[in-house]
Amino acid sequence: MGRGNDAGGALAAAVNAVRAMIGSVEMAGTIVIGEGTDDDEVRLERGDRVGDGSGGRYDVAVDPVDGITFTAKGLSHAVSVLAVAPSGAMFDPSVCLRIDKLVAGREARDQLDIRASVAENVHRLAKVTGRHVEDVTVGMLARTHHEGLAREVRDAGARIRFLTGGDVSAAIMAASPRTGIDMLIGLGGTAEAVIAACAVKCLGGTLQGRLAPRDAAEEVHLQTAGVDLDAVLECDDLVRGEDAFLVLTGVTDGDLVAGVRYGPDTATTDSLVMRARSGTVRRMQSDHRLDRLERYSAVDYRH
């Protein structure tokens, strides 16, 4: 963290650590969403087997660092995320890499529709939450392709909060109470939407998405493959069942969790741990001994 332009080094350290830790878990896991570096021999690629091979079979989705550039530059909102569900439960994000999504809290379930206009959804949300439209805050990632959506939100009378973090953190904020974000809209990654669906299931919120081909050629390819581009994908389409788990740990300080804090011989981390079946969300602060962390980390803490 904060080493300038060494984004590759930060990602390699994260991939190594996550690979080592997953290897200690009693499960027969398969990576369905992963990441690695071209120069690093340790990767977390789709199809890789993880866990110690015992126990149940699970799909594993992992983003070792969501916000790798933020990490390298020491900026806010970098997190590490891992989600687990029974084998075959997670949607295959390679079908289409991008998705338009709408996320909101539990009070908005069955009230919003991604096919409706922004104005209609804003007014529906205001009604169901008992507020004036001008008191509704819509979040969206700070991307240039969201300029048109931003105009629609403002024309509807609501306010906007542009988010500099990643898709998963933004979705969790929209589905959680008292974060200052009432609804999230916009274009993002399908893989991140699958991970976010695990979190939204745990929080009891609503997530809707529609696949968004990048160009005409991709659209034709998807139609030829029988993919219905008009279909609305909800949480149960992205992650089937209730046995979903998610953990998100801060790398740098953000709205949801604090970043890693280093002492002379310890590191302190702040995490959210979620379970869909019980709807339990735990906030965990953990102190780690650096001499013990050396067995998992690519970082030499002795120097």
Side-chain angles (χ1 to χ4, degrees), residues 1 3 6-72 77-85 87 90 93 165-169 172 189 191-192 194-196 198-199 239 244-252 254 256-262 267-275 282 284-290 292-301:
M1 184 181 69
R3 300 293 185 181
D6 189 18
L11 181 56
V15 170
N16 272 277
V18 171
R19 165 69 79 170
M21 291 305 300
I22 294 179
S24 70
V25 177
E26 294 181 358
M27 69 174 178
T30 301
I31 297 290
V32 297
I33 298 170
E35 191 168 1
T37 62
D38 293 335
D39 299 328
D40 192 54
E41 62 182 17
V42 179
R43 300 169 63 87
L44 290 162
E45 294 184 302
R46 179 177 172 81
D48 284 357
R49 304 294 184 180
V50 293
D52 68 359
S54 68
R57 298 174 58 219
Y58 293 94
D59 287 347
V60 178
V62 59
D63 193 344
V65 181
D66 183 9
I68 191 64
T69 302
F70 299 156
T71 302
H77 303 301
V79 298
S80 184
V81 188
L82 184 144
V84 178
S87 180
M90 291 186 181
D167 281 352
V168 177
S169 296
I172 292 174
E192 289 80 3
V194 173
I195 299 175
C198 291
V239 183
F245 302 83
L246 179 135
V247 59
L248 177 147
T249 298
V251 178
T252 61
L256 289 172
V257 288
V260 181
R261 298 284 195 275
Y262 285 101
T268 300
T269 57
D270 191 22
S271 302
L272 293 176
V273 183
M274 306 183 185
R275 183 186 182 198
R282 295 181 175 90
M284 298 177 62
Q285 188 176 83
S286 306
D287 293 326
H288 311 270
R289 284 178 47 184
L290 296 183
R292 298 294 180 89
L293 283 180
E294 285 181 336
R295 70 186 67 176
Y296 306 118
S297 178
V299 177
D300 184 354
Y301 289 106

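Taking every heavy atom of both residues into account, Val239 and Val194 meet most closely at CG2-O, 3.6 Å. In terms of heavy atoms, Glu35 sits closest to Val65 at OE1-O, 4.4 Å. Here the closest heavy-atom approach between residue Ile172 and residue Ala199 is recorded as CG1-CB, 3.6 Å. Summarising the geometry of Asp66 relative to Gly166, their closest heavy-atom pair is OD2-CA, 3.6 Å, with the distance given to 0.1 Å. What you find for Asp59 and Met90 is that their closest heavy atoms are OD2-N, 3.1 Å. Of all heavy-atom pairs spanning Thr252 and His77, the tightest one is OG1-N, 3.3 Å.
Counting heavy atoms from C-beta on, the side chains of Val81 and Val247 never come closer than 4.5 Å. In this structure the side chain of Leu44 never reaches within 4.5 angstrom of the side chain of Ile33, judged on heavy atoms. Put simply, the side chain of Leu272 reaches to within 4.5 Å of the side chain of Met274, judged on heavy atoms. Pro64 has its side chain within reach of Val62: a pair of non-hydrogen atoms, C-beta onward, lies under 4.5 Å apart. Annotation: side chain of Thr71 is not in contact with side chain of Arg3 (no heavy-atom distance under 4.5 Å). By the 4.5 Å heavy-atom criterion applied to side chains, Asn16 and Arg19 are not counted as neighbours.
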query: Does the pair Asp52 and Met27 meet the rule for a side-chain contact (heavy atoms from CB on, under 4.5 Å), with working shown?
result: CA-CA 6 Å; Asp52 68 359; Met27 69 174 178; 5.7 Å; no
field: Test side-chain contact (heavy atoms from CB on, under 4.5 Å) applied to Ile22 and Leu82, step by step
entry: CA-CA 10 Å; Ile22 294 179; Leu82 184 144; 3.5 Å; yes
query: Taking it one step at a time, do Arg261 and Asp270 satisfy salt bridge (charged side-chain N to carboxylate O under 4.0 Å, His left out)?
result: CA-CA 9 Å; Arg261 298 284 195 275; Asp270 191 22; over 6 Å; no
message: Using side-chain contact (heavy atoms from CB on, under 4.5 Å), reason through Leu246 and Ile195 one step at a time and then give a plain yes or no.
response: CA-CA 8 Å; Leu246 179 135; Ile195 299 175; 3.7 Å; yes
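Using modelled atom types and a 3.5 Å distance limit, the side chains of Thr30 and Arg49 yield a donor-acceptor pair. Residues Thr268 and His288 bring no donor and acceptor atom of their side chains to less than 3.5 Å of each other.
Put simply, the side chain of Ser87 never gets that close to the backbone of Arg57: no donor and acceptor are under 3.5 Å apart.
For the side-chain contact (heavy atoms from CB on, under 4.5 Å) with Val257, the qualifying choice from Val251, Leu248, Thr249 is Leu248, the only one to do so.
Within a 6.0 Å radius of CZ in Phe70, other residues, nucleotides and ligands contribute more than 12 heavy atoms.
Going from atom CD of Glu192 over to atom OG of Ser169 covers 11.0 Å, rounded to the nearest 0.5 Å. We find the CZ-OG distance between Arg282 and Ser271 to be 13.0 Å, quoted to the nearest 0.5 Å.
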